Chemist: 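Below you will find the structure I want to go over with you.
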2 protein chains.
Amino acid sequence: MEKPTPPRRVTIVDVAQHAQVSTTAVSKVLRNAYGASPAMRAKVQQAIEELGYRPNASARGMRGQTYTIGVMLPDIRNPFFPEILDGLTEALRDTPYQVLLGPGGCNDAQAEARVTEAMIDRGMDAMVLVAPISSRSRLEHIARSVPTVVVGRHGHSDAYDTVSDDDLTGAALVVGHLVSLGHRRIAHIEHAETDPDRLAEMPNAIRAEGYKRAMQAHGLGDEIDIVSTTYTQEGGYAGAQQLLARSQRPTAIFAGADVVALGVLEAVAEAGVSVPGDLSVAGYDNTTVAALGPVSLTSVDQAGHHIGAETARLLLDRIRDRERPSAQVRLSPTLVTRRTTAPPPS
Amino acid sequence: MEKPTPPRRVTIVDVAQHAQVSTTAVSKVLRNAYGASPAMRAKVQQAIEELGYRPNASARGMRGQTYTIGVMLPDIRNPFFPEILDGLTEALRDTPYQVLLGPGGCNDAQAEARVTEAMIDRGMDAMVLVAPISSRSRLEHIARSVPTVVVGRHGHSDAYDTVSDDDLTGAALVVGHLVSLGHRRIAHIEHAETDPDRLAEMPNAIRAEGYKRAMQAHGLGDEIDIVSTTYTQEGGYAGAQQLLARSQRPTAIFAGADVVALGVLEAVAEAGVSVPGDLSVAGYDNTTVAALGPVSLTSVDQAGHHIGAETARLLLDRIRDRERPSAQVRLSPTLVTRRTTAPPPS
DNA sequence: AACTTTTTGGGCAACGTTACCCACAATCGA
DNA sequence: TCGATTGTGGGTAACGTTGCCCAAAAAGTT
């Protein structure tokens, strides 16, 4: 017994025959286009349902639309991104658009380029680039071929819309909180950045800058103490080790990201220093890990859900009108205080 | 000053003209097809590079291949999945295939169906379904229209290949470990499941079954104590509360997933019970959270990377030959002991 | 020298959809 | 009543790529 011929997929032609109309008519109904009477709409709708017809995205793509939105996520592990994604997909639920994710390599510009190119090749109707590390000129190159929203990166362009959180304010929130608890020797662990482009645009750099400004604003300019490592757990571990080796130890460490703070907590625990008794620790991103009971990390919340929703809005607006001037949305972070921050030892 | 006409994308026709050959020739070169002399290959390659040509995936899709592999992830937040993904993308790096992810709604069969349909509509060359909750008949329906590998679900089918971890063994590892530490009253928190299909196939159900069998094998059949909640942190919290309210408290809790264990740790900390002094806790999945210093959870490692690599292999094999008999790969988990398990209080 | 076989290249139709047209009928305004 | 307008439906040519075919040239075989 041979396999019966694999059932060919139902096309618009089949629907047209079944409904006794032209393919043009079916297409019109599918797109809610002008020129189809209510009677015909009903007839075609019925045929569509009876046959279980689904439009072929490739064929649509050849005509210019795939109803697909590509989201480039640099690091799938970062627990902050799902929040954004939720906000985005929720806002797009009642549209015909489908979100597909491209896994960009962590901190790997080449992998990032591969994924974005692949998405452009696949005719995405729009793209969302979350915290891209690519150069600004590459971002503009991408935006020239497809409507693009850049999320979580400061510095805007005529070519693309942006949604970002005010990291300057976020850093100030942390410093303010620690100062109000009585801390003066507040250190910061940043992600080392050399590229001048990124130095001006990447959130990590902005957070470090915000830290400096806030310290100065509180008259603590002399206490500024920054360690440059990376935004990873290992980076936090190494950074904390450096800080603990200071002759004058800081009484508080502001880590530029939650993962960094976790590394700090590990190093600190190993060193036998108690948190928050001897040392306060704060993170950034308010990831789900920060909220966990055993961790309970003070952190800055970026309202990822809101970011995602705004992104969706900009996206749809731009698909509607590609020529509209580029928009920048800036959201405000909030501080979530938990059990890793307390007054300094007296 | 008007915008200059948006530069039309380079097509195979442009390449052909530029190289002074036919489009057929270019296509042959692109696909390494028979019938192109080395001289021609070189000429075409050069033209491709000079013009920066990239094939249009939609057009290719109309001819049957998109060079895209769709991966359905039920819950982007589950820190176990990125491991699989890494293994998968790494194994596919040197192939022309690109991985795109579809965000299935957490525990939402309808959302899952939407995403898989969308991927089929977009002409994916193959699909990977990670821990799908859909009914078996739906899985087979999917597999009938596109080569499919189902990951992390027991129970196989002629229609699709499977890669899964031996959850029976994994559960036995945990129970064995706890018994060898001296525990007898070992409780388990499972994810409630009623559907008979899923009861036989979902990893959570298998883990519960493995727990039971292992307890019996150790002569502890009378001590079997299962609480049914959900595989979430809240589920773990609630489950632990129930278990702590027992007149005879268990001395160890085996949570069916790491997230569940985190909820357990939270409830236990609130109740003032010390871990592992008064109570041992073990999880499953060995997620990155489990490894964190402040958590340090004993857990079962599923070798996600390996799973991903095997998935890629099966995928490529099946794309090559759709008629080959379906394959099942079963991998073995290992136990990672950390600081949440210790001998019971004497 | 007269063949067969192999190599090399190109022409063409098709994949499923939609935008642009045009044709016809019905309705309207004067 | 006649011309103009509006509503309704369909025909057709792309979009970019590839698989199937055929033709000419080159190489090999008697």
Side-chain angles (χ1 to χ4, degrees), chain A residues 5-45 47-48 51-68 96 120-125 145-146, chain B residues 5-45 47-48 51-68 96 120-125 145-146:
Chain A
T5 30
R8 206 177 42 82
R9 204 178 144 110
V10 176
T11 74
I12 208 173
V13 180
D14 302 320
V15 175
Q17 279 178 352
H18 192 258
Q20 310 261 42
V21 297
S22 69
T23 58
T24 301
V26 178
S27 177
K28 281 176 183 167
V29 172
L30 283 174
R31 293 172 291 126
N32 284 315
Y34 177 83
S37 64
M40 174 146 109
R41 297 206 112 82
K43 204 163 48 169
V44 171
Q45 281 293 359
I48 287 177
L51 298 181
Y53 165 78
R54 309 211 82 214
N56 178 316
S58 289
R60 286 182 147 181
M62 295 221 54
R63 304 285 310 173
Q65 273 199 279
T66 57
Y67 298 96
T68 312
I120 294 175
D121 294 344
R122 281 157 186 78
M124 299 288 169
D125 290 343
S145 34
V146 52
Chain B
T5 31
R8 204 177 44 81
R9 204 179 145 108
V10 177
T11 75
I12 208 173
V13 180
D14 302 319
V15 176
Q17 278 176 354
H18 192 259
Q20 311 261 43
V21 297
S22 70
T23 58
T24 300
V26 178
S27 177
K28 281 177 184 169
V29 172
L30 283 173
R31 294 173 290 124
N32 285 315
Y34 176 83
S37 64
M40 173 146 112
R41 298 205 113 82
K43 205 163 49 168
V44 172
Q45 282 293 358
I48 286 176
L51 297 180
Y53 165 78
R54 309 211 79 212
N56 178 316
S58 289
R60 287 183 146 182
M62 293 222 56
R63 302 286 307 176
Q65 272 200 278
T66 57
Y67 299 96
T68 313
I120 294 175
D121 294 345
R122 281 156 186 78
M124 299 288 169
D125 290 342
S145 31
V146 53

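The structure displayed is predicted, hence computed values, not measured ones. Chain naming here is simple, since letters A, B, ... match the order of the sequence lines and numbering starts at 1 in each.
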Chemist: Closer to the 5' end of DNA chain C via nearest nucleotide, is it B/M62 or B/Y34?
Modeler: B/Y34
Chemist: Could you give the CD1-to-C1' distance, from B/I12 to D/dT17, as a whole number of Å?
Modeler: 6 Å
Chemist: When the distance from CD1 of B/I48 to P of D/dT17 is rounded to whole Å, what number comes out?
Modeler: 10 Å
Chemist: Without decimals, in angstroms, what is the distance between A/Y67 OH and C/dG16 P?
Modeler: 18 Å
Chemist: If you measure only the distance, is there a donor-acceptor pair under 3.5 Å linking the side chains of B/T68 and B/R122?
Modeler: no
Chemist: So, is A/T11 near the phosphate of C/dG16, with a side-chain N or O under 4.0 Å from OP1 or OP2?
Modeler: no
Chemist: Which listed nucleotide (D/dT18, D/dT17, C/dG16) is nearest to the side chain of B/Y53?
Modeler: D/dT17
Chemist: Please work out if A/V21 contacts a base, only the sugar-phosphate, or nothing of the nucleic acid, heavy-atom cut-off 4.0 Å.
Modeler: sugar-phosphate
Chemist: In whole angstrom, what separates B/R63's CZ from C/dG16's P?
Modeler: 10 Å
Chemist: Could you state the CZ-C1' distance from B/R41 to C/dT7, rounded to the nearest angstrom?
Modeler: 13 Å
Chemist: Looking at every strand, decide which applies to B/S37 at a 4.0 Å heavy-atom threshold: base, sugar-phosphate, or nothing.
Modeler: sugar-phosphate
Chemist: For C/dG11, does the base pair up with any side-chain atom of B/T24 as donor and acceptor (N or O, under 3.5 Å, distance only)?
Modeler: yes
Chemist: Could you check how far CG of A/N56 sits from P of D/dC15, rounded to whole Å?
Modeler: 18 Å
Chemist: Is the phosphate of C/dG16 approached by A/T23 (side-chain N or O, under 4.0 Å from OP1 or OP2)?
Modeler: no
Chemist: Without decimals, in angstroms, what is the distance between A/M40 CE and D/dG9 C1'?
Modeler: 6 Å
Chemist: Strictly distance-based, threshold 3.5 Å: is any side-chain N or O of A/R9 a donor or acceptor partner for the main-chain N or O of A/R54?
Modeler: yes
Chemist: Do you know the tightest heavy-atom contact between B/T66 and B/G123?
Modeler: OG1-O, 2.8 Å
Chemist: Is the phosphate of C/dT18, meaning OP1 or OP2, less than 4.0 Å from a side-chain N or O of A/R60?
Modeler: yes
Chemist: Rounded to the nearest 0.5 Å, how far apart are CG of A/L51 and CD1 of A/I12?
Modeler: 12.0 Å
Chemist: Is B/S22 near enough to C/dG10 that one of its side-chain N or O atoms lies under 4.0 angstrom from OP1 or OP2?
Modeler: yes
Chemist: Specify the separation, in whole Å, of atom NZ of A/K28 and atom P of D/dG10.
Modeler: 8 Å
Chemist: Pick the closest DNA chain C nucleotide for B/A59 and for B/K43 by heavy atoms, then say which residue is nearer the 5' end.
Modeler: B/K43
Chemist: For the CD atom of B/Q65 and the OG atom of A/S58, what is their distance to the nearest 0.5 Å?
Modeler: 11.5 Å
